[in-house]
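In what follows, a structure is listed as structure tokens, so that the remarks can point back to it.
Positions are given from 1 along the sequence. Everything numeric here is computed off the predicted structure, so don't read it as measured data. These numbers come from the heavy atoms of this one structure, side chains and all, not from hydrogens, waters or symmetry mates.
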Amino acid sequence: MRRMRLPHPRRLAALYPHVVASLALFIALGGPSYASSLLPRNSVGPAQLRSSSVGSSEIKNGAVHLADIASTTRNSLRGATGPQGPAGPAGAPGANAVSYFVAVSGAGEILRGNAGGKHATNGSGSYTLTFPRNVSACVPTVTLGGIDTTNQPPGFATTRDDGGSVGVQIYDTAGSPADRSFNLVVVC
């Protein structure tokens with residue numbers, strides 16, 4: 001019969017962390033399985049849950065329907081509120097929103113709109129439009145084309161403040177100035 005020899009204490013010390021890690025892994029992986037085997041199916045209900053312990057991330061999409069929600073909560077979800085008091089006095093009227101618009105041909109002719117003047121061209125692709133008041137604090141938006149039936153090549157446009165007027169610069173796709181028809185809306 002052969003004698004069993006114990007490993008050297010240093011070798012035992014080197015094995016110890018591996019044994020403990022394997023044991024911890026076994027317990028961690030087996031724990032939920034063991035716990036689930038103890039609980040019967042559908043045994044957890046409102047009595048077992050603490051208040052506010054289940055959030056929206058724990059609820060499956062489509063699991064809760066409007067009929068499942070208390071009627072008082074349903075009313076608040078629909079925007080219904082409690083009894084309404086009398087209406088308060090009317091407030092002072094606000095300032096009128098001012099909008100200007102203009103349609104300009106590629107030649108710089110103002111075709112329609114409420115800009116001042118009849119011509120808007122400064123040079124190749126550059127237009128300045130004047131309105132009945134200073135529009136420096138307003139927001140201009142320019143859209144190319146749509147004024148006449150000619151098929152114009154694509155391009156892009158920028159706007160600038162021209163001392164209370166709106167400047168529009170139009171470019172072709174290569175970035176060179178180009179004359180194009182456009183619509184301009186200025187919202188104040």
Side-chain angles (χ1 to χ4, degrees), residues 49-188:
L49 296 175
R50 287 179 293 183
S51 179
S52 301
S53 65
V54 178
S56 62
S57 62
E58 289 88 19
I59 298 174
K60 179 180 169 186
N61 286 342
V64 178
H65 303 284
L66 192 59
D68 300 329
I69 300 171
S71 63
T72 55
T73 304
R74 280 195 305 248
N75 289 339
S76 66
L77 290 174
R78 290 184 181 138
T81 58
Q84 297 292 312
N96 290 334
V98 179
S99 292
Y100 297 110
F101 64 95
V102 63
V104 179
S105 71
E109 181 183 357
I110 296 175
L111 302 175
R112 61 185 171 274
N114 54 6
K118 293 290 182 198
H119 202 263
T121 304
N122 293 344
S124 180
S126 182
Y127 306 85
T128 299
L129 298 133
T130 305
F131 296 94
R133 71 179 189 104
N134 184 321
V135 292
S136 293
C138 302
V139 178
T141 304
V142 64
T143 306
L144 292 180
I147 304 305
D148 49 34
T149 57
T150 60
N151 187 10
Q152 298 183 18
F156 62 96
T158 61
T159 61
R160 64 185 178 277
D161 179 17
D162 274 355
S165 298
V166 176
V168 176
Q169 180 64 54
I170 300 178
Y171 302 93
D172 61 17
T173 54
S176 300
D179 292 329
R180 302 276 194 276
S181 63
F182 64 92
N183 293 299
L184 176 70
V185 175
V186 181
V187 179
C188 300

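Side-chain contact between Ile110 and Leu129 is present, with at least one heavy-atom pair separated by less than 4.5 Å. Within the 4.5 Å cutoff, side-chain heavy atoms of Leu184 are placed close to those of Pro140. A heavy-atom distance below 4.5 Å is not found between the side chains of Tyr127 and Val142.
How far OH of Tyr100 is from SG of Cys138: 7.5 Å, rounded to the nearest 0.5 Å. Between Asn114 atom CG and Phe131 atom CZ the span is 7.0 Å, to the nearest 0.5 Å. Taken to the nearest 0.5 Å, the OG atom of Ser181 stands 7.5 Å off from the CD1 atom of Ile170. Atom CG in Leu111 sits 9.0 Å away from atom CG in Asn183 (nearest 0.5 Å).
Gln169 and Gly125 get closest at one heavy-atom pair: NE2-O, 3.1 Å. Across all non-hydrogen atoms, the minimal contact from Ser136 to Gly163 is OG-C, 4.3 Å. What you find for Ala157 and Leu144 is that their closest heavy atoms are CB-CD2, 4.0 Å.
Asp172 is linked by a side-chain contact (heavy atoms from CB on, under 4.5 Å) to Ala174, Ser176, Ala178, Arg180, counting only residues two or more places apart in sequence or in another chain. Here Arg160 pairs with Asp162 under the salt bridge (Lys or Arg N to Asp or Glu O under 4.0 Å) rule; sequence neighbours left out.
Asp179 places no side-chain N or O within 3.5 Å of a backbone atom of Ser124 that could act as its donor or acceptor partner.
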